[in-house]
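All values below come from the heavy atoms of this structure, side chains included, with hydrogens, waters and symmetry mates left out. Each chain gets a letter, A, B and so on, in the order its sequence line appears, and its residues count up from 1.
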Protein chains: 2
Amino acid sequence: MKLNQFKARIYKEGLKSTRQREEILNTFLNLSGHKSLSQIFSQVVKADPKIGYTTVYRTLRLLTRLGLATQRKFADGETRYEPTSEGTHHDHLICLDCGKIIEFEDQTIEALQRGIAQRHRFKIFHHRMELYGQCETCRRKKRIAHR
Amino acid sequence: MKLNQFKARIYKEGLKSTRQREEILNTFLNLSGHKSLSQIFSQVVKADPKIGYTTVYRTLRLLTRLGLATQRKFADGETRYEPTSEGTHHDHLICLDCGKIIEFEDQTIEALQRGIAQRHRFKIFHHRMELYGQCETCRRKKRIAHR
DNA sequence: TCATTTTTGAAATTGAATTTCAATTTCATT
DNA sequence: AATGAAATTGAAATTCAATTTCAAAAATGA
Ligand SMILES: [Mn+2]
Ligand SMILES: [Mn+2]
Ligand SMILES: [Zn+2]
Ligand SMILES: [Zn+2]
């Protein structure tokens with residue numbers, strides 16, 4: 001149960017535990033995936049119509065600060081959030097037709113990236129790698145539509 | 001001289017060659033690097049104070065469409081443009097302190113990316129890879145400042 | 001309960017990106 | 001050189017997500 005971790009962190013930071021924050025965290029974790037603020041908001045509102053957009057916005061930033069959420073900015077511009085995956089970093093394959101997002105890890109690439117940084121005497125803090133294209137499902141649909 | 005290529009392309013598309021477009025292309029090419037619209041605009045204005053921001057905006061999009069400019073959206077959010085580099089694709093190392101941008105190519109990584117896509121039955125159209133960190137110059141400055 | 005501090009949510013603001021539209025310019029054709 | 005259709009320009013307006021403001025409400029702990 002992440003809720004207790006959250007409450008503990010909140011307390012440690014001198015912040016307050018509220019009904020809204022708990023509801024938002026809960027909804028966010030159940031939602032999974034890579035969701036935009038408005039997607040998260042409309043889900044939160046279903047559970048409690050009194051919760052405001054601003055509160056969802058602020059809570060997602062808080063979760064990001066606490067390490068429970070990870071912020072992503074893919075090429076479409078809208079900021080997305082995903083529950084932080086334990087320990088591992090991953091990158092993304094994104095379908096430009098249907099928006100499907102597949103996660104992947106590649107240690108060989110990560111090692112090569114470190115090599116590149118070293119060669120240019122950079123100290124890397126984080127990186128971003130996204131592959132944009134078309135998933136198999138969408139490719140099939142297009143083929144059929146083309147006849 | 002890219003200007004003639006540009007005029008030829010403009011003509012082929014049924015568009016018109018104007019003083020503004022020529023000035024913007026010229027300034028953009030001389031500027032080099034990865035420049036934001038406002039950076040390009042303020043340079044263009046030096047050459048001709050009558051040219052409007054909107055025209056610079058539209059011309060950079062036109063250049064992008066024609067393949068003469070490449071649009072980049074790094075993590076800072078502001079859209080940047082760079083003259084399209086012939087033939088080769090490249091990725092970027094970015095210093096979070098001074099904004100310095102270093103370009104690199106790595107065929108091994110590119111091949112691994114193709115492998116990942118294939119394994120997930122994706123057809124890739126383009127990708128983006130950026131390594132964010134601190135350049136050597138900035139690291140040295142920080143060290144000195146820390147005493 | 002009381003006092004202090006934080007949080008909430010509606011509304012306002014920001015800032016880059018984009019669109020609108022009337023005036024101007026281009027350019028092929030006289 | 002003059003004409004006129006089509007494209008372009010630039011100032012202003014609009015959009016839209018992100019962020020800030022601020023007064024009212026809620027949480028915490030003495
Ligand atoms: Mn992910
Ligand atoms: Mn570049
Ligand atoms: Zn798809
Ligand atoms: Zn630097």
Would you say [X] reaches [N]'s phosphate, i.e. side-chain N/O to OP1/OP2 under 4.0 Å?
X: A/Gln20; N: D/dA27; result: no
X: B/Arg21; N: D/dT8; result: yes
X: A/Thr55; N: C/dT7; result: no

Worked check of side chain to side chain contact (heavy atoms under 4.5 Å, CB included) between B/His92 and B/Arg72: CA-CA 10 Å; B/His92 301 88; B/Arg72 302 281 183 188; 3.4 Å; yes
Quick one: [X] [atom1] to [N] [atom2], roughly how many Å, whole number?
X: B/Leu60; N: C/dA16; atom1: CG; atom2: P; value: 16 Å
X: A/Leu63; N: C/dT7; atom1: CG; atom2: P; value: 13 Å
X: B/Glu13; N: C/dC27; atom1: CD; atom2: P; value: 15 Å
X: A/Tyr11; N: C/dT6; atom1: OH; atom2: C1'; value: 15 Å
X: B/Arg19; N: C/dT26; atom1: CZ; atom2: P; value: 7 Å
X: B/Phe41; N: C/dG15; atom1: CZ; atom2: C1'; value: 16 Å
X: A/Glu22; N: D/dA26; atom1: CD; atom2: P; value: 16 Å

Intermediate values then yes/no, side chain to side chain contact (heavy atoms under 4.5 Å, CB included), B/Ile40 and B/Leu60: CA-CA 9 Å; B/Ile40 298 167; B/Leu60 264 297; 4.0 Å; yes
Could you pull out all donor-acceptor pairs under 3.5 Å where a side-chain atom in residues 112-119 of chain A meets a protein atom, sequence neighbours excluded?
unit_1	atom_1	unit_2	atom_2	d
A/Gln113	OE1	A/His127	ND1	3.3
A/Gln113	OE1	A/His127	NE2	3.4

Angle of first-five versus last-five pair axes in the helix from C/dT1-D/dA30 to C/dT30-D/dA1, to 10 degrees: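 Taking the rotation axis at each end, their angle is 20°.
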Salt-bridge present (B/Arg19, B/Asp48; N to O < 4.0 Å):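 Yes, this pair counts.
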Salt-bridge contact B/Glu22-B/Lys7 (side-chain N to carboxylate O under 4.0 Å):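 So B/Glu22 pairs with B/Lys7 through a salt bridge.
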Touch class at under 4.0 angstrom, heavy-atom based, for A/Ser17 against every strand present: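 The residue A/Ser17 makes sugar-phosphate contact but no base contact.
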Salt bridge (Lys or Arg N to Asp or Glu O under 4.0 Å) assessment of B/Arg65 paired with B/Glu13: CA-CA 11 Å; B/Arg65 189 157 64 79; B/Glu13 303 251 337; 3.0 Å; yes
Which residue lies more 5' along DNA chain C, comparing B/Ile10 with A/Gly14 via nearest heavy atoms: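 Its nucleotide being nearer the 5' end, the pick is A/Gly14.
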Protein proximity profile, nucleotides 11-24 of chain D - base contact B, sugar-phosphate-only contact S, no contact -, cut-off 4.0 Å on heavy atoms: BB-----SBBB---
B/Tyr132 ring center within less than 6.0 Å of A/Phe125 ring center: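 No; B/Tyr132 has its ring centre 6.0 Å or more from that of A/Phe125.
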Quiz item: B/Lys16 side-chain donor-acceptor pair to D/dA7 base, under 3.5 Å: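 Side chain to base: no pair present.
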Check: A/Gln39/A/His34 side-chain N/O donor and acceptor closer than 3.5 Å: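 No donor-acceptor contact under 3.5 Å links the two side chains.
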Pair B/Glu82, B/His90: side-chain N/O donor-acceptor within cut-off below 3.5 Å: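 Distance-only check passes for B/Glu82 and B/His90.
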